[in-house]
Amino acid sequence: MLSVALVYPELLGTYGDGGNAVVLVERARRRGIDAEVLRVGIDDAMPNAAVYLLGGGEDGPQRLGADLLRASSFGARVGDGAFVVAVCAGLQLLGRTFAVEGDDEYEGLGLIDAQTRRGERRAVGELVVEVDGRTLVGFENHGGRTTLGDSVQPLGVVRRGVGNEGTVDGFRAPRIWASYAHGPLLAMNPWFADLVLEQVLGVSLEPLETSADLLYAERVRTLVG
Ligand code: GLN
């Protein structure tokens, strides 16, 4: 059974990123793989899961989310081999520090060498990122600008929008993917959902032809040509 943990959706769910869990589970099931969503509320213990999803959130909830995650077994589970997909606030709090409204610096989980500072203006709009020759689409809405340490690999190169700081978006590490793209990310980019599933399950998957896959192709044609 593939277990997908949706972490603190009441804090990190402002932008519909809970849909990422639905997409992973549904795309696994359509390949005959048993899968379930474990919804992890702020009062719940961190369950054992194959993959943890961290979504975007507003500044206050993001701070609380970071505190709760730090006090939980999340870091230990990631150290033990769990996978993580993080979006926006989720991305920021995996880093060493992040700055949100009213704070110069707030402590992140320190799982990735990245720091987020306040930008001069919010980044709001379409986000298009090239990831290994493929196109990732979504929308962004964030005040933070993220700088990666020298050894951290970005997820991809920004073709439209801002991402981390105008040139690259997100980061990737063994078993971790992070992006500024909402949408939700995995609903708007079915190929990326399948890439995550393939890594988590250790299998290769045949493509699907769902309406999400067709819409993705349409969106890329409109945005990139
Ligand atoms: N609160 C963070 C920021 O504004 C993250 C926002 C988000 O998750 N969309 O930078």
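Order of appearance sets the numbers: ligands from 1, and atoms from 1 within every ligand.
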Is the distance between the ring centroids of Y52 and F83 under 6.0 Å?
-> no
Are any of the N/O atoms in G56 less than 3.5 Å from those in ligand 1?
-> no
Atoms of ligand 1, numbered as shown, that sit under 4.0 Å from any heavy atom of G144 | 3 (C), 10 (O)
Report the part of E140 (side chain from C-beta onward, or backbone N, CA, C, O) that has a heavy atom under 4.0 Å from ligand 1; answer both or neither where that applies.
-> neither
Any nitrogen or oxygen of A89, main chain or side chain, under 3.5 Å from a nitrogen or oxygen of ligand 1?
-> yes
Provide the closest heavy-atom pair for G143 versus R122 in the form atom of the first, atom of the second, distance.
-> N-NH1, 3.4 Å
Within the 4.0 Å heavy-atom cut-off, what Q62 brings close to ligand 1 is side chain
Give the numbers and elements of all ligand 1 atoms closer than 4.0 Å to a heavy atom of R122.
-> 4 (O)
Taking atom types as modelled, is there a side-chain donor on D59 or Y106 under 3.5 Å from an acceptor on the other?
-> no
Are side-chain N/O atoms of N141 and H182 paired as donor and acceptor at under 3.5 Å?
-> no
Do any N/O atoms on E58 end up under 3.5 angstrom from N/O atoms on ligand 1?
-> no
Can a donor-acceptor pair be found between the side chains of Q115 and T97 at a distance below 3.5 Å?
-> yes
Here the pair of heavy atoms bringing V158 nearest to G163 is CG2-CA, 4.1 Å
Would you find a donor on one side and an acceptor on the other, under 3.5 Å apart, between the side chain of H142 and the backbone of G144?
-> yes
Under 4.0 Å from a heavy atom of H142: give me the atoms of ligand 1 that qualify, with their elements.
-> 3 (C), 4 (O), 10 (O)
Sub-3.5 Å N/O-N/O distance, C88 and ligand 1 = no
Shortest protein heavy-atom distance from atom 1 (N) of ligand 1, along with the residue and atom involved | D59 OD1, 2.5 Å
So, the side chain of R175 versus the backbone of V200: is there a donor-acceptor pair under 3.5 Å, distance only?
-> no
Provide, to 0.1 Å, the distance between atom 3 (C) of ligand 1 and the closest protein heavy atom, together with that atom's residue and name.
-> G143 N, 3.3 Å
Option nearest atom 5 (C) of ligand 1 (shortest heavy-atom distance, choices G57, P61, A123, G55) | G57
Compute whether any side-chain donor of one residue and acceptor of the other, for Y180 and Q92, lie under 3.5 angstrom apart.
-> yes
Could you tell me if any non-hydrogen atom of N141 lies under 4.0 Å from any atom of ligand 1?
-> yes
